[in-house]
Each structure stands twice: as structure tokens, then as C-alpha cells.
2 protein chains.
Amino acid sequence: MPFERLSERKKLILRAIIDDYIHSAEPVGSRSISKRHELSLSSATIRNEMADLEEMGYLEQPHTSAGRVPSDKGYRFYVDQLMEPRIPSTEEMESIRNALEGTISELSQFIRNASNVVSKVTRYTSLASAPLSKKKSLKTVQVVYIDSGKALVVGITNTGMVKNVLVKVSNILTPDMLLRVSNFLNEHLSGRTLDRIDFDLLKKSGDAIGLDYNLITPIIKGVTDCINLADDSEVFFDGATNIFNYPEFSDTVRAKEFLSMLDEKEVIQKILFSDDSNRPINIKIGRENEFEEVKDCTVVLTSYRIGNSIKGTFGIIGPTRMEYSKVISSIHYIRKKLDQEIRKLIGDIVDEE
Amino acid sequence: MPFERLSERKKLILRAIIDDYIHSAEPVGSRSISKRHELSLSSATIRNEMADLEEMGYLEQPHTSAGRVPSDKGYRFYVDQLMEPRIPSTEEMESIRNALEGTISELSQFIRNASNVVSKVTRYTSLASAPLSKKKSLKTVQVVYIDSGKALVVGITNTGMVKNVLVKVSNILTPDMLLRVSNFLNEHLSGRTLDRIDFDLLKKSGDAIGLDYNLITPIIKGVTDCINLADDSEVFFDGATNIFNYPEFSDTVRAKEFLSMLDEKEVIQKILFSDDSNRPINIKIGRENEFEEVKDCTVVLTSYRIGNSIKGTFGIIGPTRMEYSKVISSIHYIRKKLDQEIRKLIGDIVDEE
DNA sequence: TATTAGCACTCTGTTGTATTGAGTGCTAAT
DNA sequence: ATTAGCACTCAATACAACAGAGTGCTAATA
């Protein structure tokens, strides 16, 4: 992004405008800047500067006799060079710690919690994906006896994701036999990446453990189902109704658009997986997002890694007019806490590739 | 609900009004009824009848010079005695079958799918709870080796719900030892109802399998976590944005109220668990719901049972001005299909207690 | 030369007023 | 018992007037 050289004064004015606009959501005029901020410049001077800033693309004017509104470029400059960094308030930090520390021990639930507290603290909508691995492999398969004729196939991937499938099996299969099947499957499957499992071969070799082909088939089917489930990447969001706090979504059409977008799992996936940078926090403002759907939203993402191949992403989405410094400080803190907690829980977290 | 005796003519008029209103969402006037429906009565006559119906509580008037709008009582009468039953269109049936038949073999995912198709077909918001048992017991516990120092505790309840918890364990625990722990735990836990497990005793008897107290403790902790997770009843919804299709939610305040309500798990629980009747389909119109939050919504619920103690509920929520006949026919059909599919999958579905 | 006061102009949003039209209730005629 | 007719009510719409916030430009000022 090519930023032309801005005079100190222009920077100050731009920052004042954006600060104001972030809090008021109203186009800001020259007079209010000249009064509220101690620049000791007249409104006329400010006006001239504003006209310049508009010409350079940092500001926009909804209509001739209105004040100015920051453009995507304006926000970008603000985020990169103007805004004051902050640290979260003590209440914020406390509620984050409360949500993340101690109690939770199930990973995906843990991420859900993180997602929840992110949306609570920032008052925007949070997005998150469950920990996800590029090369997903099967760690263990368990076949569990449930009832006569019913069994549960439980598959566990190297990412710690657990999927389970209920299957109907022959009545003659006893818990013991299922255990044998379990062991057999484990022997043949565990450690394999999901796409390199030869199920046909597997079925045929069933009689290796003295069980008929037909007895095993539904179980194998269960395993494949399990794998298919595990392949779906889980994404979720929280605090969707937060958008009603912001006037840019005050008409139902816009609100509906936003909420409908969230209903599409694929869109959330696209957004989350677009966090390809190596920066700890990745901010995409308005049209910087490659998706039409979020053209006037800002997305703030962060990713964590567990070991080498497991990756999870979470963050927030809101209007481009966003409290950047607040959001960034919160996300930073949450990321740090999350990191600590996961490390406590299972160790081995790596930040960058 | 005390219904006074209504003349045939009053019934016809009431039905005409409600039919109209359901489709137009506008207060209906006497003239439009006298014209559109072949009652061959003048608007003046209709007016008199309408005044009567209002006095009896079946209709309401937003303001003096407006048409009439059905009251909760009016809708109730309509549902019980007036509306024409229908069968779902072939397209509807097809999409329902497509969504439910065959592919899915994991129960909670299956219910999710059902919930999804309900909201798609009815165009209202669907609610659902995962299969839930009054007396929940632990079917099996598995402790799975993940990595050195990491294990996964997987608990399976009699309802087929699977919960898992990642735990950090001592490095010296081998997969084999974990298997021994698994077996030990199973022996002592399986079949017990969740509230009748003595964990202290359990820990002490750890050395029965030659393992130190301290090695087992984190695993026991994992099991209790697991149980706590399983105790939470899962509820979810789908198609929340459908409410934007209905003018009664066209202002953001109302829409926000509705969506915020859905964000509260407890509210959904309350709604779903209020399906205590034995009827196959349970309809609660407006203030018939005991919760203030849904005082101008209608909830249509249905429950299915698996075996004797497992119960799940799903249904839809929408404005009281609802296409009752369409919704009811759809839910009937979905319920039937769901029933068939679960039976195919695991058998033993019982409709009533 | 940079700043600012001053002014004409633009555009939105609000307020007040008139009008329209759908609908009602009542009365008297059929 | 039904209906035509009429006066009345009320919300919604349209329109004009006006206020106010803001701009750009010009000329005066430091």
C-alpha cells in the first residue's frame, strides 16, 4: 500500500478525525475537530487539510455538505501508524482470565469459550475454527459395544479431534469381539494420513481375526464415516447479535446480510483460512478482504499452533469503523492467555511456522 | 380454553380473516373479505360479525380505523378447528428425504441435519435438543494414548453421547498402561448413573492395577470433566435469519430481541423442555408459552424417543402469524422420516412414553 | 506565505400541515 | 336479517418550509 508522505499536522488531523468517527459514527466536520482537539487551528485550516486528505484517498465525503468519513486506506494508515496502543482494562483482563483459566479441559470446548469471551469483551462478532491439521492422520480407532446389535465407532485424529458414529451391527458380536476388531483396526490404521487408507484391502483381511466379511463391513463403513466427519473443518461464531450495537447495521437489510453471511459455514471458513500471513495479528480492512461479502467489514484474526502441523484461527469481525486499539489489545491478551492455558494443558505450542 | 359456540358463518368469516392475515400480514378489513371470499355477504354484515368476534376475543383491532387481526385465542381456534390440513408438496418431501436418508450416521449430526432441513422447509427458525436421558449412565470410558504425556479420555453415555477430554499425564505412562487403566475404569464405572460414582474410592483403589495414585489422578479428573460435559444438555437452532422474512420482525429492535433470545442457551432449553404433553405435535401460541420472551411467537414442537428413557425434541419458532397448516404438515412428515431413519440406524424407537 | 474570518451555497433532516384512503360504527331503508 | 349510505377516525403519505451542519472560496490578516 503506497502511503504518500504526510505532514505531522495532517497526521494529527487524520487521527483526530478517525478517533472521533470511531466513537460517534457520524461524519466529522472541520469545526468539531478545531474545537475538541487542542490543535489551535481554525476550522478553515482544518478544512483545507481535510480537502487534501480526501484527495489523497484517506477520507471520503458522503455528500457535499457533510463531514468526512475515513476510507479503508485511512483506517489502514491509522492502524499502521497513528493509533495509540493500549492495554486492556483490568476488568477486561479479569473476565478473560476467568473464562480461560483452569476449568475447561476439552479442546474444542476451550476454543468455543475463547470465542465467547472474545465477543463479550470486544462487543463484536467472534469467529473461530477448531484446531486443524494440514496432514491429518488417524491416531486411534475404538469400537465400543453399546447394546446388542449396536456399536459406536470412535475415531481420534492427531489433532485431538474426536468423532463418533453409531453403527448397527450383527447381534452376534460381543464386546470381546469388538475389542478384537478395535485392535485389528488400530494396527492397520493408526498413524496413517486419512487419504491413504485402503478400505477394500481392509475388508478382505477381516478374516485374519476370524470374523466374517459381513460382520465387519458396517464397522468399516462407520470408520469411513468417522473420517469424513473429521475432514470437515469445524468453524463457529459467537456474539452475532453484537452487530445490532452498531448503527452501520441498523437497517434490517444490512443486518440480515451480515447474519446470513455467518450462516454460511463456507464463508466463515474462507475468512478464517485467509489468515495466511505470519504476523501474530492479521487485520483486513474493508476491501482488503478478498470477499465481496465482507467488503465493509474489518476482520481481525490471530492463529495459534500446537506442535508443527496443527493450527487454529480465531478473531473478530465488525464494521470497518472499529475500535481498533481496543480490539487489538484484547485479542493480543486473549491470544497470550490461550497460549498459556493450552501449554499448561498439553504443552508444545509454537507461535510461528 | 373455553370456546363459545360460533355460528357456521362466524367460523367461515374467522377462517377467511386468519387465512388472509397469515398471507398478507396486514389487518384485514370487511370489504376485502366480502369481495375475495364467496360468502356473498355485504361488507356491512361482515363488519357486524367481526365486531362480535372481536368482543368474543378472537380478533383484535390495532386502532379504531384499522382492519382486524387474529388474537392468540383466534389462532388457537383456527388451529384446533378451522384450518385445512395439508400434505407437504412433493418438492418439500423430496428435500426432507434428501437431507435425512442414508448418509448420516452420527446421531447428533443427524439431529442437526434434521434441524437444518426443518428451518429450510418451513422458513422459520428451528430448535432442537440432542437426545437426552433422564437417568444418564456411563456406558464406557476409554483412555487413549495420544502422545508421550498426553492422553484422551473418552466417555460414552447410554444415550450415545460421546464426550472427550484431553489430559496431561505423566510421561512414563505407556499405551499399554493406559489400556489397563481403561479396563479398570470400565469395570468400576460402566453402567453407573452419573451421580452415583464414588471418585474418592476410585482413586484409592488405583494401586489395584499397580499404578501410583498420582499417575491416575489426572485421568480421574478427566473422567469427571467428561461427565460434567455430558450432563450439559446440548441445544441448538438453525435458520435464525429466517425471521427477517417476516414483517413483524422488520424493525431492528424486535429482530435483536429475537436473536438475542436464541443466543441464550437456557431460553432454548426452557422452550424445548416445555414439551411435556403427550401429543405428537405440541403447539404453543403467543402467551400460551409460559415465557415472556416468546410472548408473540408460536412454538411448534415434537419429540421422539429412543428406547424408554432417551428423549429428543425439535421444532420451530416463528411469529404467531404462522402458516400453521404448512408447518404442521412439514413437521409431521419430518418426524415420520426421522423416526424411520433412526429406526434403520439403531432400531427401537418408541413414540409415546 | 500561511492562516483565518466571512460568506454564499449545498444538502440533509425535521417539523408542521394538508390530503388521501382504508376502514369502522351506526342508522335507516329494504 | 341484511345492506346501502354516511359521518367519523386514524395512519400513512406527500409536500413545503426551515434549521443546521458543513463545505469551498475569497479576501483580509499576521
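Keep in mind that what you see is a predicted model, and the values were worked out from it rather than measured. Keep in mind that the numbers below use all heavy atoms, side chains included, and drop hydrogens, waters and symmetry copies. Note on naming: letters A, B, ... go to the chains in the order of the sequence lines (proteins, then strands), and numbering restarts at 1 for each one.
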Which residues in residues 4-22 of chain B have at least one heavy atom lying under 4.0 Å from any atom of DNA chain C? none
How long is the gap from OG1 on Thr241(A) to CG on Leu262(B), to the nearest 0.5 Å? 9.5 Å
Return no unless some side-chain N or O of Arg68(A) is found under 4.0 Å from OP1 or OP2 of dA21(D). no
d(CD, Gln61(A); P, dA21(D)) in whole Å: 17 Å
Could you check which of dT23(D), dT3(C), dT24(C) has an atom nearest any side-chain atom of Thr45(A)? dT3(C)
Length of the line joining Leu39(B):CG and dT2(D):C1', which is rounded to integer Å: 14 Å
Whole-Å distance between dG25(C) P and Glu55(B) CD? 11 Å
Can you tell which of dG5(D), dG6(C), dG23(C) lies closest to the side chain of Ser65(B)? dG23(C)
Watson-Crick/G-U partner (both atom distances under 3.5 Å) of dT30(C): dA1(D)
In terms of ring plane angle, is the pair Tyr324(A) and Tyr75(A) parallel, tilted or perpendicular, where the classes change at 30° and 60°? tilted
Pair Ser330(A), Glu92(A) - check side chain to side chain donor-acceptor pair (under 3.5 Å), show working. CA-CA 8 Å; Ser330(A) 299; Glu92(A) 254 177 68; 2.8 Å; yes
Between P of dG23(C) and CD of Glu54(B), the distance in whole Å: 15 Å
Does dA22(C) have a Watson-Crick or wobble mate here (both distances under 3.5 Å), and if so which one? dT9(D)
Which is more 5' along DNA chain D, the nucleotide nearest Pro27(A) or the one nearest Ala44(A)? Just name the residue. Pro27(A)
Rounding to a whole Å, what distance do you find between Glu49(B):CD and dA1(D):C1'? 11 Å
Rounded off to whole Å, could you give me the CG-to-C1' distance for the Asp52(A) and dG24(D) pair? 13 Å
Would a 4.5 Å heavy-atom cut-off, applied to side chains only, mark Phe3(B) and Met56(B) as touching? no
Within the 4.5 Å heavy-atom criterion, are Ile243(B) and Ile317(B) side-chain neighbours or not? no
Base, sugar-phosphate, or nothing for Thr64(B), non-hydrogen atoms under 4.0 angstrom? sugar-phosphate
Send over the distance from Met50(A) CE to dG22(D) P, rounded to a whole Å. 9 Å
For Ser42(A) and Ser34(A), what are the C-alpha separation, side-chain angles and deciding distance, and is it a side chain to side chain donor-acceptor pair (under 3.5 Å)? CA-CA 6 Å; Ser42(A) 76; Ser34(A) 117; over 6 Å; no
Taking the minimum atom-to-atom distance to the side chain of Arg47(A), which one of dG24(D), dA4(D), dT24(C) wins? dG24(D)
Using a 4.0 Å heavy-atom cut-off across all strands, classify Ser30(A) as base, sugar-phosphate, or nothing. sugar-phosphate
Nearest 0.5 Å, what's the OG1-CD distance between Thr320(A) and Glu248(A)? 6.5 Å
Between atom NE2 in His63(A) and atom P in dT10(C), what is the gap in whole Å? 13 Å
